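So you know, we letter chains A, B, ... as the sequences are listed, proteins then strands, and number each from 1. Model, not experiment: these values are computed from the prediction.
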Protein chains: 2
Amino acid sequence: MTKKVREQFKNQLKAKQLKQTKPREIITDEIMSTKAGDHFTADDLWDRLRKKKKNISKATVYRTLNLLTQEKMIEEHDFGRGQSYYERMVERPHHDHIICVLCGKISEFHNEEIEKIQTNIAKKEKFTVYYHSHKLFGSCSKCSKKGA
Amino acid sequence: MTKKVREQFKNQLKAKQLKQTKPREIITDEIMSTKAGDHFTADDLWDRLRKKKKNISKATVYRTLNLLTQEKMIEEHDFGRGQSYYERMVERPHHDHIICVLCGKISEFHNEEIEKIQTNIAKKEKFTVYYHSHKLFGSCSKCSKKGA
DNA sequence: CTGTCTGCAAATCTTTTGCACCTAC
DNA sequence: GTAGGTGCAAAAGATTTGCAGACAG
């Protein structure tokens, strides 16, 4: 996969006259090798790279994350924890999130019916949806048991 | 309304052995007098109070907003603008938001069908939903016209 | 009285930015 | 060669916190 992704990214950069650099390549590779559904912060990523002796400044990590978000290769999520979480979107279908506020566990859901209704709501208002965010916050089954 | 709300708040404080103070009363009154659907930041509120010669420190404004959020008298929203927006929830039914990322206009929607599906999704996972957030980001009809 | 609040200023924390140097194209 | 990228350290901006004095119950 990585090879294909790298090619894709390279083309996207070229199309916008942006440069393909070592840091960008390293960061992209690292992110694309995360497993599906992995949510990480800028700091997580920076730390992972540091541990692999890839010393890239935090500023560049942030700049590249913003770039990748624009390119829609990753998505930025706010799980209400005061910092952004990112998730690889290449080869991943869109989905929404269920967040346990007790243990932090995140699961996903996707429902065509909801999406359809959503589209109709927007249409009625002549509103063009660029993206949406749908999150359920609460307690997962494990934590509910513990608390009971 | 304000009188009833003040009474309610007073009781909620009493139940938790918290004190009913001047600043809390002033802030609560100010918020409860906002019109339905008004979204304001901590800074907005602080500024409004300052203009009315009610000098309350920003720290207290933040502390009281957190308190009121806990008491479910207001709701905190993240519209992706780097700061929290608050909204009076007393005498307001639950609703979700549509946010124009161009002009900042916020409208509301509520759909029973979506809520029902949501509940079923959570039930299937044995997840207890405390609260949810459902937002559509995009361009409102006015802005879409301008851009076209 | 005494446990809470408040105001103030300082601290915190994440993210962004200015700038000098570097490098891809 | 030059526009764009990087690293560093500083700045920014929202929110929280420590502490001393004030106050509600």
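- A 6.0 Å sphere centred on NZ of A:Lys54 holds no more than 12 heavy atoms belonging to other residues, nucleotides or ligands.
- Each of A:Glu76 and B:Lys58 was matched to the nucleotide of DNA chain C holding its nearest heavy atom; the match closer to the 5' end belongs to B:Lys58.
- For the helix from C:dC1-D:dG25 to C:dC25-D:dG1, the end axes, each set by the C1' atoms of five terminal pairs, are bent relative to each other by 40° (nearest 10°).
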Test log, rule side-chain hydrogen bond (donor to acceptor under 3.5 Å, both in side chains), inputs A:Ser57 and A:Thr60
CA-CA 5 Å; A:Ser57 75; A:Thr60 296; 3.1 Å; yes
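- Computed from coordinates, the B:Leu49 CG to C:dG7 P distance equals 11 Å when rounded to whole Å.
- Toward the 5' end of DNA chain C, the nearer of the two residues A:Ala59 and B:Ser57, judged by each one's closest nucleotide, is B:Ser57.
- In this entry the distance linking NZ of B:Lys54 with P of C:dG7 reads 13 Å, nearest Å.
- At most 12 heavy atoms of other shown residues, nucleotides or ligands fall within 6.0 angstrom of atom NZ in B:Lys105.
- If you check every strand for non-hydrogen atoms under 4.0 Å, B:Asn55 touches sugar and phosphate atoms only.
- In this structure, CG in A:Asn120 is found 9.0 Å from NZ in A:Lys116, a value given to the nearest 0.5 Å.
- Applying the ring pair (Phe, Tyr, Trp, His ring centres under 6.0 Å) test to pairs two or more places apart or on separate chains, those with a residue in residues 111-131 of chain B are A:Phe137-B:Tyr131.
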Go through the steps for A:Arg24 and A:Asp29 under the test side-chain contact (heavy atoms from CB on, under 4.5 Å), then give the verdict.
CA-CA 8 Å; A:Arg24 283 179 182 171; A:Asp29 279 3; over 6 Å; no
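- Summarising the geometry, the separation between CG on B:Leu67 and C1' on D:dT16 is reported as 15 Å, rounded to the nearest angstrom.
- Backbone-only contact: B:Arg24 has heavy atoms under 4.0 Å from sugar-phosphate atoms and none from a base.
- Picking from C:dT14, D:dG7, C:dG7 the nucleotide with the shortest atom distance to the side chain of A:Tyr62 gives C:dT14.
- Spacing between atom CZ of A:Arg50 and atom C1' of D:dG7 amounts to 16 Å, rounded to whole angstrom units.
- At the heavy-atom level, B:Asn66 lies under 4.0 Å from the strands shown only through sugar-phosphate atoms.
- The base of D:dG13 does not come close enough to the side chain of B:Arg81 for any donor and acceptor atom to sit less than 3.5 Å apart.
- The six-membered or imidazole ring of B:His97 lies near that of B:Phe79, with a centre-to-centre distance under 6.0 Å.
- C:dT14 atom P lies 19 Å from atom CD of B:Gln83, rounded to whole Å.
- Between A:His110 and A:His95, the distance from one ring center to the other does not fall under 6.0 angstrom.
- Taking atom CG of B:Asp43 as the reference point, atom P of D:dT16 lies 14 Å away to the nearest angstrom.
- At whole-Å resolution of the value, NZ in A:Lys14 and P in D:dG4 are 17 Å apart.
- Nearest heavy atoms, B:Glu125 versus A:Ser107: OE1-OG, 3.3 Å.
- Residue contacts for B:Ser84: at a heavy-atom cut-off of 4.0 Å it reaches the sugar-phosphate backbone alone, with no base atom in range.
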Could you go through nucleotides 22-25 of chain C and list every protein N or O atom that sits under 3.5 Å from one of its N or O atoms, giving the distance for each pair?
residue	atom	partner	partner atom	Å
C:dA24	O3'	A:Gln20	O	3.2
C:dA24	N3	A:Lys19	NZ	3.2
C:dC25	OP1	A:Gln20	N	3.4

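- Remark: P of D:dA14 and CZ of B:Arg63 are 18 Å apart, rounded to the nearest angstrom.
- In the model, B:Asp44 has a side-chain atom that pairs as donor or acceptor with a side-chain atom of B:Thr41 under 3.5 Å.
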